[in-house]
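Structure first, commentary second.
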Amino acid sequence: MNYFELENGVKIPEIGLGVFRFENNEQGQKSIISALNSGYRHLDTAMFYGNEECVGQSIAESDVKREDIFVTTKLWNEDIKNGNIRPAFEESLRKLNLEYIDLYLIHWPAEGFVHAWQVMEELYKEGKIRAIGVSNFHKFHLDEVYKVCTIRPMVNQIESNPYFNNQELIDYCKSEGMVVEAWSPLGGIKTRIFDDVVLNKIAKKYDKCVAQIIVKWNVQRGVCVLPKSSNPDRIKANIDVYDFTLTDEEICAINELNKNTRSGGNPDTYTIF
Ligand code: A2P
């Protein structure tokens with residue numbers, strides 16, 4: 001598994017398992033353990049997903065050492081709005097049953113996110129988190145953080161898939177030294193991306209599936225990718241992408257599939273916070 005290096009030198013595996021929307025803990029645990037057995041070393045959860053305990057139990061039960069697994073969780077909007085940053089972090093730590101988090105992200109730019117960032121800096125300096133970042137931030141949200149921060153966000157996790165490639169924001173974040181992570185890289189549950197003619201043609205050429213082509217497109221364009229699956233064969237397939245390389249023409253063809261259609265909320269107008 002290849003890594004991206006964050007600004008502070010911490011290495012983050014370029015493919016991680018997204019763990020949003022498992023049907024229940026049993027399914028979650030089976031999926032996470034099967035991912036770790038298949039070679040995943042990066043798990044992406046969030047307080048909001050309601051499965052931090054399941055992630056913690058899976059890590060504890062797996063044969064992989066905790067320090068070999070990169071664990072991300074995220075600070076939820078209610079806690080940002082209520083200024084409940086440190087207690088929320090401690091609760092995540094407790095639920096995950098871990099002594100430190102590898103990456104802690106502000107889940108959405110909810111009101112109060114600048115203060116949240118300042119508390120996250122403290123937690124980072126206390127050694128409780130190996131890296132800190134944000135999620136679903138646009139440039140103007142980042143600008144607000146830049147005004148006060150002593151540590152800049154090291155990661156921005158944003159929606160990106162071939163139909164909503166978000167390339168402009170990705171390029172901006174990279175130019176600011178961040179590693180960008182793609183959530184719902186396969187288009188989530190609504191997008192009919194697996195039927196795409198162009199993706200299927202490329203997949204056929206390499207004897208791969210569409211999901212593998214999308215994962216590879218991400219790592220080749222320098223984006224950390226977090227496919228979710230609850231199916232052990234698909235989990236395994238989604239990291240089996242190291243025996244082929246997309247051509248520049250194929251990368252361009254996938255870039256051209258962009259329709260600018262989101263499958264999730266728009267950080268500018270999202271009303272859950
Ligand atoms: P499942 O959990 O049944 O495998 P995203 O990562 O964009 O949120 O998308 C995840 C969706 O894509 C899930 O519904 C997941 O379903 C499905 N999925 C994940 N990997 C594959 C794959 N290799 N082939 C087909 N569908 C996949």
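Counting begins at 1 with the first residue of the sequence. This one's a predicted model, so the numbers in the text were calculated from it and none came from an experiment. Every number for a ligand or one of its atoms is a count from 1 in the order of the listing.
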Notebook entry, point to check: Can you check whether Asp79 reaches Phe89 side chain to side chain, under 4.5 Å on heavy atoms?
Noted result: no

Put together the list of close N/O pairs, under 3.5 Å, between ligand 1 and the protein, could you?
| residue | atom | partner | partner atom | Å |
| --- | --- | --- | --- | --- |
| ligand 1 | 2 (O) | Lys228 | NZ | 3.0 |
| ligand 1 | 2 (O) | Ser230 | N | 2.8 |
| ligand 1 | 2 (O) | Ser230 | OG | 3.0 |
| ligand 1 | 3 (O) | Arg234 | NH2 | 2.8 |
| ligand 1 | 4 (O) | Ser229 | OG | 2.5 |
| ligand 1 | 4 (O) | Arg234 | NE | 2.7 |
| ligand 1 | 4 (O) | Arg234 | NH2 | 3.2 |
| ligand 1 | 6 (O) | Lys228 | N | 2.9 |
| ligand 1 | 7 (O) | Ser184 | O | 3.4 |
| ligand 1 | 7 (O) | Pro185 | N | 3.4 |
| ligand 1 | 7 (O) | Leu186 | N | 2.7 |
| ligand 1 | 7 (O) | Gly187 | N | 3.1 |
| ligand 1 | 7 (O) | Gly188 | N | 2.8 |
| ligand 1 | 8 (O) | Ser184 | OG | 3.2 |
| ligand 1 | 20 (N) | Asn238 | ND2 | 3.0 |
| ligand 1 | 23 (N) | Asn238 | OD1 | 2.9 |

Check: When the ring planes of His42 and Phe70 are compared, do they come out parallel, tilted or perpendicular, using 30° and 60° as the limits?
Finding: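 If you compare the ring of His42 with that of Phe70, the planes turn out perpendicular.
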
Check: What class does the angle between the rings of Trp76 and Phe48 fall in, given that below 30° is parallel, 30 to 60° is tilted and above 60° is perpendicular?
Finding: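 Trp76 vs Phe48 ring planes: parallel.
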
Checklist line | Distance under 6.0 Å and angle within 45° of ring axis: Arg152 vs Tyr146 | finding: yes

Margin query: Could you check whether Arg66 makes a cation-pi contact with Tyr100, meaning its NZ or CZ is under 6.0 Å from the centre of the six-membered ring and within 45° of the ring axis?
Written below: yes

Checklist line | Pairs involving residues 168-194, ordered by first then second residue, that meet ring pair (Phe, Tyr, Trp, His ring centres under 6.0 Å) (sequence neighbours left out) | finding: none

